[in-house]
Amino acid sequence: MLQNNGTPSVTKPIPEKGDIPLSGRFCFVLQRVNRVISRRLNSVLQPIGITGSQLMILDAIGLESDLRQKDLAELLGKDHATITANLAPLVRRGLVARDKDRKDSRAQRISLTSDGACLLGQARELVKGFEADLGSRISGENALGKLCNTLERLS
């Protein structure tokens with residue numbers, strides 16, 4: 001994330017366990033890292049006009065075409081209102097199509113449009129560099145992948 005003067009902002013290191021009493025230290029660290037990475041990811045994606053949350057939606061639809069909106073919410077661990085709010089601008093931009101389910105008129109099916117698939121490709125390229133930078137901050141071969149697998153087991 002850039003500061004107003006154009007230089008990258010620096011996040012203060014998290015204090016050592018003995019420095020200050022933080023209840024639920026693991027939860028504190030995880031939430032803090034989530035916020036920092038989300039802000040930085042949004043900054044990386046800003047040139048193509050989507051947020052990190054919208055990228056996750058595009059990516060999920062790209063992997064699982066013709067999803068019901070309810071299934072997308074479950075897949076991403078988000079509530080229906082959050083999915084609806086993030087889908088709306090994607091539908092307006094013509095990146096995602098939302099149609100009534102043929103079998104259940106209450107449900108909506110969502111799919112990527114060709115413009116959405118193109119933008120998703122651009123976003124994935126931007127994220128590769130971003131994740132390479134994150135991975136360089138963790139030591140060991142495939143450390144970022146291992147960390148993702150470990151954290152996935154918690155969800």
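The residues of the chain are indexed from 1 along the displayed sequence. Worth knowing before you read on, the calculation uses all heavy atoms, side chains too, and leaves out hydrogens, waters and symmetry mates.
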How far apart are the closest heavy atoms of [X] and [Y], and which atoms are they?
{"X": "Leu112", "Y": "Ile61", "value": "N-CG2, 3.5 Å"}
{"X": "Gly52", "Y": "Leu41", "value": "CA-CD2, 3.8 Å"}
{"X": "Thr51", "Y": "Gln54", "value": "N-OE1, 3.0 Å"}
{"X": "Ile50", "Y": "Ala123", "value": "CD1-CB, 4.1 Å"}
{"X": "Gly62", "Y": "Leu120", "value": "CA-CD2, 4.2 Å"}
{"X": "Asn86", "Y": "Ser53", "value": "OD1-CB, 3.6 Å"}

Qualifying residues under side-chain hydrogen bond (donor to acceptor under 3.5 Å, both in side chains), relative to Arg106, sequence neighbours excluded: Asp104
Any residue meeting salt bridge (charged side-chain N to carboxylate O under 4.0 Å, His left out) with Lys103, in chain and number order, not counting sequence neighbours: none
Residues which pass salt bridge (charged side-chain N to carboxylate O under 4.0 Å, His left out) with Glu74, listed by chain and number, not counting sequence neighbours: none
Sequence-distant partners of Leu134, side chain to side chain contact (heavy atoms under 4.5 Å, CB included), two or more places apart: Ile37, Phe130, Leu144
Nearest-0.5 Å distance that lies between atom [atom1] in [X] and atom [atom2] in [Y]:
{"X": "Ile83", "Y": "Gln69", "atom1": "CD1", "atom2": "CD", "result": "7.5 Å"}
{"X": "Arg68", "Y": "Leu75", "atom1": "CZ", "atom2": "CG", "result": "12.5 Å"}
{"X": "Leu72", "Y": "Glu64", "atom1": "CG", "atom2": "CD", "result": "10.0 Å"}
{"X": "Leu30", "Y": "Arg35", "atom1": "CG", "atom2": "CZ", "result": "10.0 Å"}

Salt bridge (charged side-chain N to carboxylate O under 4.0 Å, His left out) partners of residues 47-62, not counting sequence neighbours, each pair once: Asp59-Arg124
Only pairs under 3.5 Å count here: list side-chain donor-acceptor contacts from residues 88-99, not counting sequence neighbours, and write none if there are none.
residue: Arg93; atom: NH1; partner: Gly49; partner atom: O; Å: 2.7
residue: Arg93; atom: NH2; partner: Ile48; partner atom: O; Å: 3.2

Pairwise side-chain contact, Gln122 with Cys118, heavy-atom cut-off 4.5 Å (strictly under): yes
